[in-house]
Amino acid sequence: MAKGIRGGEASRGWLFISPALVIIGLFLVLPIVLALWVSFSDWNGLGSPLGGNTSFVGTKNYEKLILDPGLSQRDFGTSIRNNFYYVLFVVPLQTALALFLAVQVNRRILKARGFFRTAFYFPSVTSSIAITGIFIFLFSASGAINALLGWLGINGPNWLADPSGVFHNFLTLFGVNSPPAALAAGGPLGISWWEWLSGPSVAMCMLIVLAVFTTSGTFMLIFLAGLQGIGAEIDEAALMDGTGPFRKFFSITLPMLKPTLFTVITLGLIGTWQLFDQIYLTGGGKPGKTLLTPAYLSYQTSFNELNWGPGAAMAFLLFVLIVLLTLLQRYVLRDRNKGEKLDKELQRQIAIQASIRSGKTS
Amino acid sequence: MTRLRASAIASYLMLVILALIYIYPFLLSLAGSFKTDADATNNPLSLLPQTWSFAAYERLFTQVPLPLWAMNSVIVAVIVTLGRVFLDSLAGYALSRLQFRGRTVVFAGLIAVMAVPNVVLLIPRFLMIKELGIYNTYAGMIIPLLVDAAGIFIMKQFFESIPVSIEEAARIDGAGIFRTFWTIVLPMARPALVTLFILSFQGSWNEFAHFIISRQSTDLNTLTTGVASLFSGQLGSGNQFPLKLAAAVLMTIPVAVLFFIFQRKIMSTTEGAEKG
């Protein structure tokens with residue numbers, strides 16, 4: 001009697017949610033705990049890491065990556081440098097291009113808007129493997145890109161085989177071929193300052209173009225949603241005032257898009273630090289290790305070299321970096337409406353993130 | 001007037017060129033898959049093969065186990081999609097409608113879990129799959145993907161947007177909680193279910209990294225891992241671009257078809273999320 005129509009809700013609630021909890025617990029939460037243990041252990045891949053042959057080694061694996069001079073540290077440093085340049089170029093480029101495309105296809109007078117949106121979005125739905133494969137073809141030594149460059153009288157590089165850094169190459173134009181003495185040594189993580197300043201390798205440039213190509217469509221859709229939130233009235237008011245399109249964009253559209261812009265940038269930062277599939281397909285870090293990324297290096301160290309401790313440690317360092325970026329996003333958005341637990345803006349942004357995440361499992 | 005005209009034409013021209021840049025790589029791969037090896041290398045920009053060759057496709061079905069890869073991809077994608085649509089809605093419904101102690105904690109946990117990047121899970125998941133003895137099995141490939149926190153979040157948001165009165169009426173009429181959910185709520189949630197269906201299929205069909213760490217047997221190759229093995233050079237000499245392109249084209253067809261069927265829906269997915 002007392003139960004009324006709310007009767008049995010507690011048990012049903014737990015019942016409904018239990019399959020999800022079991023799977024997330026078993027394949028997400030527990031694995032992280034297990035891997036955290038491995039990152040502090042000397043497990044060699046044989047038997048179970050929980051078995052008797054594995055012992056606790058403290059922070060040794062982390063020290064190997066960050067403090068102890070040696071190959072592990074250099075490889076880790078190299079992977080950070082490579083991925084850093086990838087992020088540095090991809091995030092601004094994809095954000096700017098996506099915003100530009102969104103403003104273009106949002107114009108009400110534009111005919112065939114649907115066609116353009118489809119064209120720009122389609123690369124986002126294809127698998128990373130197929131599209132990377134296609135780019136390997138386009139960027140091969142005698143491929144389409146070099147044929148195009150040939151029309152312009154440029155002798156294109158052998159993209160995927162070229163480990164030279166573009167900043168170094170630029171300096172070569174001015175006759176600077178070797179590092180000035182001050183930069184020849186002494187950088188962090190076992191890499192000289194000169195190496196840190198190499199810029200992305202020519203090979204990495206292909207992956208930068210690829211990333212901008214495949215993600216600009218997704219982010220275009222997010223910007224479109226933001227633009228539609230701004231509404232037509234403000235647009236028309238601006239038009240009435242005689243504001244030109246450039247001024248309108250910078251003084252009205254852009255400030256109103258700020259939350260969306262922020263989301264796109266953080267999603268970009270989070271996504272670009274997870275570069276893996278493309279590295280696997282282009283030969284595991286070749287040429288000259290300039291395509292190594294922390295995500296791939298962690299995989300290679302564990303699965304190929306069976307150094308599970310350092311591999312897992314690397315995964316956790318990457319984990320911390322990405323979680324910090326996510327927390328930063330949530331913190332900044334939360335700060336706007338103090339007091340509310342999960343305010344509207346944050347909820348909206350998480351929803352966007354959710355719809356992108358479940359479409360791309362990695 | 002003429003100035004306006006000219007600027008309109010200029011902006012169309014620019015958009016058309018941009019669209020061409022986005023589409024051309026796909027047309028080029030399609031064309032490339034019908035070329036001979038030499039033709040693909042010598043005429044990289046041409047959309048028309050000099051002589052039409054079906055050799056690449058023939059090889060994919062005779063010398064390369066592409067049908068097997070495709071079958072594995074279908075098995076995994078279908079089960080993962082169905083599992084996600086069902087389990088995510090169940091959990092989303094509980095979180096949005098059913099009162100139970102611990103609900104807030106569970107939801108907060110879910111939001112936290114969504115921040116875990118997938119690429120960081122490779123080693124942890126491998127360790128767990130090994131511990132459970134399901135390495136190199138369909139179970140190991142499928143079960144970890146069966147639920148995703150993001151999908152639960154999407155369903156919860158949607159359930160909260162539909163009025164509770166209809167369910168209450170059904171409950172007063174004596175329908176049980178599961179029956180109310182199954183026969184009344186789910187049909188109303190069609191738009192969100194379709195969204196989740198598309199996202200789950202796309203996600204599991206295109207999944208790569210998880211199948212790298214959850215199996216080793218070539219019999220369990222999906223299209224992504226199988227095609228990746230073609231690229232990492234298990235074919236012998238030469239670049240063999242037509243064959244690789246043909247494989248890339250074939251594996252893109254299902255998501256492309258899904259995309260064109262649900263185009264409208266997909267293009268408004270993030271917009272829908274906005275309204276949430």
Side-chain angles (χ1 to χ4, degrees), chain A residues 5-6 9-10 12-14 16-17 19-20 23-24 27-28 30-32 34-35 48 104 116-117 119-120 123 125-130 133-134 137-138 142-144 147 221-222 225 274 276-277 281 295 299 302 311-312 315 318-319 322-323 326 348 351-352 354-355 357-362, chain B residues 15 19 22-23 25 28-29 41 44-45 87 90-91 93-94 98-100 113 115 117-120 122-125 127-128 131 144 146-148 150-154 157 171-172 177 199 202-203 206-209 224 227-228 231 241 244-245 248 251-252 255 259 267 269-271 273-274 276:
Chain A
I5 63 163
R6 293 236 169 268
E9 276 195 13
R12 282 299 141 83
W14 281 108
F16 277 28
I17 202 145
I23 290 174
I24 290 175
F27 292 104
L28 205 149
L30 276 181
I32 290 176
L34 193 57
S48 161
Q104 292 301 318
F116 287 118
R117 287 181 191 190
F120 299 142
V125 302
T126 55
S127 82
S128 54
I129 299 305
I134 289 172
F137 166 65
L138 297 177
S142 58
L221 284 192
I222 298 179
Q274 301 191 46
F276 178 84
D277 299 5
L281 215 59
Y299 163 82
S302 304
L318 187 60
F319 187 21
I322 293 172
V323 166
T326 311
R348 200 179 63 106
I352 294 174
S355 64
R357 271 206 73 146
S358 59
K360 281 209 178 17
T361 40
S362 60
Chain B
L15 276 181
Y22 274 78
I23 300 168
L28 216 49
S29 340
T41 309
L45 276 172
L87 297 177
L90 262 185
Y93 184 70
L98 304 179
Q99 303 289 342
F100 60 94
V113 156
N118 277 305
V119 91
V120 167
L122 296 181
I123 296 172
R125 277 198 172 141
L127 294 173
M128 198 63 194
E131 283 295 308
L146 267 185
V147 166
D148 71 322
I152 297 176
F153 184 83
I154 292 172
Q157 295 278 97
R171 297 281 299 283
I172 290 166
I177 294 175
L199 292 173
Q202 190 190 323
N206 291 342
E207 176 61 52
F208 172 69
T224 49
V227 173
F231 275 94
F241 277 125
K244 297 171 181 172
L245 292 173
M251 75 188 286
T252 307
V255 279
F259 175 67
M267 301 299 254
T269 296
T270 44
E271 291 166 36
E274 286 262 310

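Computed from heavy atoms alone, side chains included, the values below leave out hydrogens, waters and symmetry copies. Lettering of chains follows the sequences in order, A, B, ..., and the numbering in each one begins at 1.
B/V119 and A/Q274 get closest at one heavy-atom pair: N-OE1, 3.4 Å. Taking all atoms of both residues into account, the shortest heavy-atom contact from A/G133 to B/F231 is CA-CZ, 3.3 Å. B/M128 and A/L30 get closest at one heavy-atom pair: CE-CD1, 4.1 Å. The shortest heavy-atom contact between A/I129 and B/M251 is CB-CE, 4.3 Å.
If you tally non-hydrogen atom pairs under 4.5 Å between each of A/A312, A/S128, A/A35 and chain B, the highest count goes to A/A35. Note: B/L127 leads B/L87, B/T252, B/I23, B/L127 in heavy-atom pairs under 4.5 Å with chain A. Ranked by heavy-atom pairs shorter than 4.5 Å toward chain B, the options A/T326, A/I134, A/I322 are led by A/I134. For the options B/L146, B/L122, B/L245, B/V227, heavy-atom pairs under 4.5 Å to chain A are most numerous at B/L245.
The CZ atom of A/R12 sits 9.5 Å away from atom CG of B/L98, with the distance rounded to the nearest 0.5 Å. Taking CG of A/D277 as the reference point, atom CD of B/E207 lies at 7.5 Å (rounded to 0.5 Å). Rounding to the nearest 0.5 Å gives a distance of 11.5 Å between CG of A/L34 and CD1 of B/I123.
Looking at A/S302, the atoms closer than 4.5 Å to chain B (heavy atoms on both sides) all sit in the side chain, from C-beta outward. In this structure, chain B has a heavy atom under 4.5 Å from the side chain of A/L138, while its backbone stays farther away.
When atom types are taken as modelled, the side chain of B/R125 and the backbone of A/P31 share no donor-acceptor pair closer than 3.5 angstrom.
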